[in-house]
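Side-chain atoms are counted along with the backbone in the values below, which use heavy atoms only and exclude waters and symmetry mates.
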Amino acid sequence: FFPMHSAFAQAELKINAIIAKVEEEAGNLQDYQEEAREILKLLGGPQVPTDTLLARKFRTRSGSATIALEKLILDLDGVDTLGNEELRGMRKSTVGRIQDLLRVTDSLHVQSDTLVQLQDDLVVSCGEEEESTLD
């Protein structure tokens with residue numbers, strides 16, 4: 001009786017720890033969405049940002065979220081639910097939550113590619129303007 005109870009408690013702890021990490025990543029994604037809006041404002045403003053890698057750094061950070069979430073799915077896959085319906089339900093709902101967040105990271109990836117292209121275009125056009133003023 002006790003070994004099974006202990007295994008159940010360990011599985012529940014593992015799932016809860018993964019859920020906490022998932023929610024942390026969800027908070028990060030909200031921050032990244034806000035950051036994307038801020039970068040877009042900067043790129044659309046009168047001054048070109050001095051950090052020419054701003055959008056690329058953002059793409060790297062948001063891409064890291066995808067990797068972290070995929071790792072959490074693998075971590076969940078490694079949790080034995082011991083045939084317990086409650087644990088299975090917890091794991092299943094957590095996988096669903098991660099899949100929802102992965103859709104957000106897909107959207108962020110598209111946004112980051114757009115921001116990188118926009119920033120690259122701005123850097124090139126500013127370089128051309130500087131050259132034309134030197135002529």
Side-chain angles (χ1 to χ4, degrees):
F1 174 73
F2 288 111
M4 185 61 135
H5 180 70
S6 175
F8 173 84
Q10 282 185 324
E12 188 174 31
L13 281 172
K14 286 179 184 176
I15 293 172
N16 283 327
I18 292 169
I19 290 170
K21 290 177 185 174
V22 168
E23 292 311 313
E24 182 181 326
E25 286 301 326
N28 290 342
L29 290 178
Q30 286 181 334
D31 292 346
Y32 295 151
Q33 289 172 317
E34 180 60 33
E35 185 178 353
R37 288 188 284 273
E38 291 301 316
I39 291 171
L40 186 58
K41 282 182 197 172
L42 282 172
L43 295 177
Q47 288 289 104
V48 175
T50 54
D51 183 354
T52 57
L53 299 176
L54 185 67
R56 280 186 166 68
K57 290 175 186 174
F58 170 73
R59 181 170 57 189
T60 299
R61 282 192 307 282
S62 61
S64 296
T66 300
I67 294 166
L69 288 168
E70 288 171 347
K71 182 185 177 312
L72 291 173
I73 282 187
L74 293 175
D75 290 349
L76 272 173
D77 194 42
V79 176
D80 184 359
T81 60
L82 309 165
N84 181 284
E85 289 300 317
E86 182 184 345
L87 289 177
R88 265 198 203 130
M90 288 172 66
R91 187 170 69 181
K92 184 177 180 177
S93 68
T94 305
V95 167
R97 175 78 167 126
I98 292 171
Q99 289 170 335
D100 290 344
L101 294 173
L102 284 170
R103 284 188 271 285
V104 174
T105 64
D106 288 347
S107 171
L108 282 171
H109 183 72
V110 170
Q111 281 182 298
S112 68
D113 283 346
T114 302
L115 292 171
V116 166
Q117 187 60 53
L118 180 59
Q119 186 165 18
D120 288 351
D121 292 348
L122 281 171
V123 168
V124 167
S125 69
C126 286
E128 289 171 357
E129 284 177 19
E130 286 177 13
E131 285 178 18
S132 68
T133 57
L134 295 175
D135 291 342

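- The one candidate from T94, I98, L72 that meets the side chain to side chain contact (heavy atoms under 4.5 Å, CB included) condition with K21 is L72.
- At a threshold of 4.0 Å, the pair R56-D120 counts as salt-bridged, since one of the basic side-chain nitrogens sits closer than that to a carboxylate oxygen.
- A distance of 4.5 Å separates CD in Q10 from OG in S6, rounded to the nearest 0.5 Å.
- The distance from the CZ atom of R37 to the CG atom of L42 is 13.5 Å, given to the nearest 0.5 Å.
- Taking 4.5 Å as the limit, some side-chain heavy atom of L87 sits within range of a side-chain heavy atom of M90.
- Two different hydrophobic clusters hold V116 and Y32 under the rule that ILVMFWY side chains link at heavy-atom gaps under 4.5 Å.
- The shortest side-chain heavy-atom distance between S93 and R97 does not fall under the 4.5 Å cut-off.
- The line from CG of L40 to CZ of F58 is 10.5 Å long, rounded to the nearest 0.5 Å.
- Between I15 and I18 the shortest side-chain heavy-atom distance does not fall below 4.5 Å.
- Between N28 atom CG and L69 atom CG the span is 9.0 Å, to the nearest 0.5 Å.
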- With salt bridge (Lys or Arg N to Asp or Glu O under 4.0 Å) as the test, would you mind laying out the steps for D106 and R103 before giving the verdict? CA-CA 5 Å; D106 288 347; R103 284 188 271 285; over 6 Å; no

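- Put simply, the side chain of R91 gets close to the backbone of V79: a donor and an acceptor are under 3.5 Å apart.
- For the atom pair OG of S112 and CD1 of I39, the computed distance is 9.0 Å after rounding to the nearest 0.5 Å.
- Contact of the L82 side chain with the E12 side chain is not registered, since no non-hydrogen atoms from C-beta on lie closer than 4.5 Å.
- Rounding to the nearest 0.5 Å gives a distance of 6.5 Å between CG of L43 and CG of L54.
- Of the residues listed (E25, Q33, Q30), the one engaging V104 in a side chain to side chain contact (heavy atoms under 4.5 Å, CB included) is Q33, and it is the only one.
- Follow the hydrophobic side-chain contacts under 4.5 Å out from L118 and you never reach L53; the two are in separate clusters.
- Here the shortest heavy-atom pairing between Q119 and A55 reads OE1-N, 2.9 Å.
- A donor-acceptor contact closer than 3.5 angstrom is absent between the side chains of Q117 and D113.
- Sorted by first and then second residue, the salt bridge (Lys or Arg N to Asp or Glu O under 4.0 Å) pairs with a member in residues 64-87 read K71-D75, E85-R88; sequence neighbours excluded.
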